[in-house]
*Asks:* 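Here it is: the structure, laid out below.
Order of listing sets the numbers, starting from 1, for every ligand and every atom in it.
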Amino acid sequence: MTSPIPRPGILDISPYVGGQSKLTGVDRVIKLSSNEGALGASPKAMAAYRATAGDMHRYPDGHATALRGALAARHGLDVDRIVCGSGSDELLQLLVRGYVGPDDEVLYSRHGFLVYPIAAKASGATPVAADEVELTASVDHLLAAVTGRTRIVFIANPNNPTGTYLPAAEIKRLRDGLPDHVLLVIDSAYAEFVDRNDYGSGADLVEAGDNVVMTRTFSKIYGMGGLRLGWAYCPPAVADVLNRIRGPFNVSSAALAAGQAAVEDTAFVDLARRHNSYWREWFTEKLAGLGLEAVPSVANFVLVRFPEGAGRNAPAADAFLRSKGIIVRAMDSYGLPDSLRITIGRDDEMQAVIAALSEFRGA
Ligand SMILES: *Cc1c(COP(=O)(O)O)cnc(C)c1O
């Protein structure tokens, strides 16, 4: 007997490993490993979710009409260019499936989100990583890595796991330097957290041409990762492609209802952003006080670098935090074994991490 053989590239994929959520022998776990919103979901989104229970035998609106309308109104966008998905992850995968084939290349920056190379390999394509400068995407290095076979350039802005970002002018320079046939996908999963004047989510670049897509998610500031909901803002021809290849009912009725309520609850998003900015700064300062370097972050997580040496390094810190019931994210799979990525959580959670790290550092 021989097993069926998967397409080329599939068995080269190292499966994505999500942040852990349990520790054996620990009752109260503090989970700061997946960048889920510190405050959970909006109470209005939860109420809207519950209200759909009686209708779960009905298929959802396959066009996500009400949700797309709410997103367009909230962000001042063209409703026809919005495509919703089961997490932005689905949309990233569909973009690759729609535009990339065997022997093509997918370009991203060295410490970019791991879903990009996974999606590329799933299509039989070659993922190509461009070097960064100080853990920040480099437009020059990305442009230098473009070849005749490049089909998509992915840039997460801000980037996960580094937390760094490129100003809007740099993203525009990237687009201007790419050949027209290359699709630029700006993954703005953390856009709502950014409080910098020179930042842009990329929506204006989508409208300015035919070859930029922006993706967004409800998994981060909206705190709805368990529901699986994301959206893409696309040129009309790209929206058409996504609408042809996506599942006809790819977003559940519960996600549609909760998502609409979440978008309309702007006070909750503002609260979550303020919470994040305050505690990100507090956390970064405390880390500095402990002699630990935090990569400057505009998102809801911080990449913390540890010195070398047994008992002092990142794996030792990870093990120590776990012994205190605190789960953060080791970065070996991203090629950053000297770092831990720590999500900004609630007040008490941030205080607990700093208390544990103080003890670890002998401070
Ligand atoms: C978390 C994250 C996403 C969101 O994924 P969903 O599928 O929407 O939950 C997308 N891109 C990046 C860079 C992320 O960190």
*Asks:* Could you tell me whether E90 and R228 have a side-chain N and a carboxylate O separated by less than 4.0 Å?
*Replies:* no
*Asks:* What protein heavy atom is closest to atom 7 (O) of ligand 1, reported as residue, atom name and distance in Å?
*Replies:* R228 NH2, 2.7 Å
*Asks:* Is Y190 close enough to touch ligand 1? Criterion: a residue heavy atom under 4.0 Å from a ligand atom.
*Replies:* yes
*Asks:* Return yes or no for this condition: an N or O of Y116 is under 3.5 Å from an N or O of ligand 1.
*Replies:* no
*Asks:* Would you kindly say whether Y165 and D198 are connected by a side-chain donor-acceptor distance under 3.5 Å?
*Replies:* yes
*Asks:* Side-chain contact test, heavy atoms from C-beta onward, threshold under 4.5 Å: evaluate it for D347 versus H275 and give yes or no.
*Replies:* yes
*Asks:* I want to check a possible cation-pi pair here: R341 against F301, using under 6.0 Å from ring centre and within 45° of the ring axis as the test.
*Replies:* yes
*Asks:* Indicate yes or no: does an N/O atom of N35 lie under 3.5 Å from an N/O atom of ligand 1?
*Replies:* no
*Asks:* Less than 4.5 Å apart, any side-chain heavy atom of V29 and any of I327?
*Replies:* yes
*Asks:* Below 3.5 angstrom, do we get any N/O pair linking D187 and ligand 1?
*Replies:* yes
*Asks:* Under 4.0 Å, counting heavy atoms only: does G230 come that close to any atom of ligand 1?
*Replies:* no
*Asks:* In the protein, which heavy atom is nearest to atom 5 (O) of ligand 1, and how far is it?
*Replies:* S88 OG, 3.4 Å
*Asks:* Looking only at distance, does S86 have an N or O less than 3.5 Å from an N or O of ligand 1?
*Replies:* no
*Asks:* In terms of residue, atom name and distance, what is the protein heavy atom nearest to atom 8 (O) of ligand 1?
*Replies:* T217 OG1, 2.5 Å
*Asks:* Kindly indicate, with the supporting measurements, whether the criterion salt bridge (Lys or Arg N to Asp or Glu O under 4.0 Å) is fulfilled by D318 and R322.
*Replies:* CA-CA 6 Å; D318 193 18; R322 276 163 197 273; 3.3 Å; yes
*Asks:* To check your reading of the model: name the closest protein heavy atom to atom 3 (C) of ligand 1, its residue, and the distance in Å.
*Replies:* K220 NZ, 3.3 Å
*Asks:* Ion pair present between D55 and R58, side-chain N to carboxylate O less than 4.0 angstrom?
*Replies:* no
*Asks:* So which protein heavy atom does atom 9 (O) of ligand 1 come closest to, and at what separation?
*Replies:* S219 OG, 2.6 Å
*Asks:* Of all the atoms in ligand 1, which lie at a distance below 4.0 Å from a heavy atom belonging to N160?
*Replies:* 13 (C), 14 (C), 15 (O)
*Asks:* With the side chain counted from C-beta on, respond yes when F193 and V298 share a heavy-atom pair under 4.5 Å apart, and no when they do not.
*Replies:* no
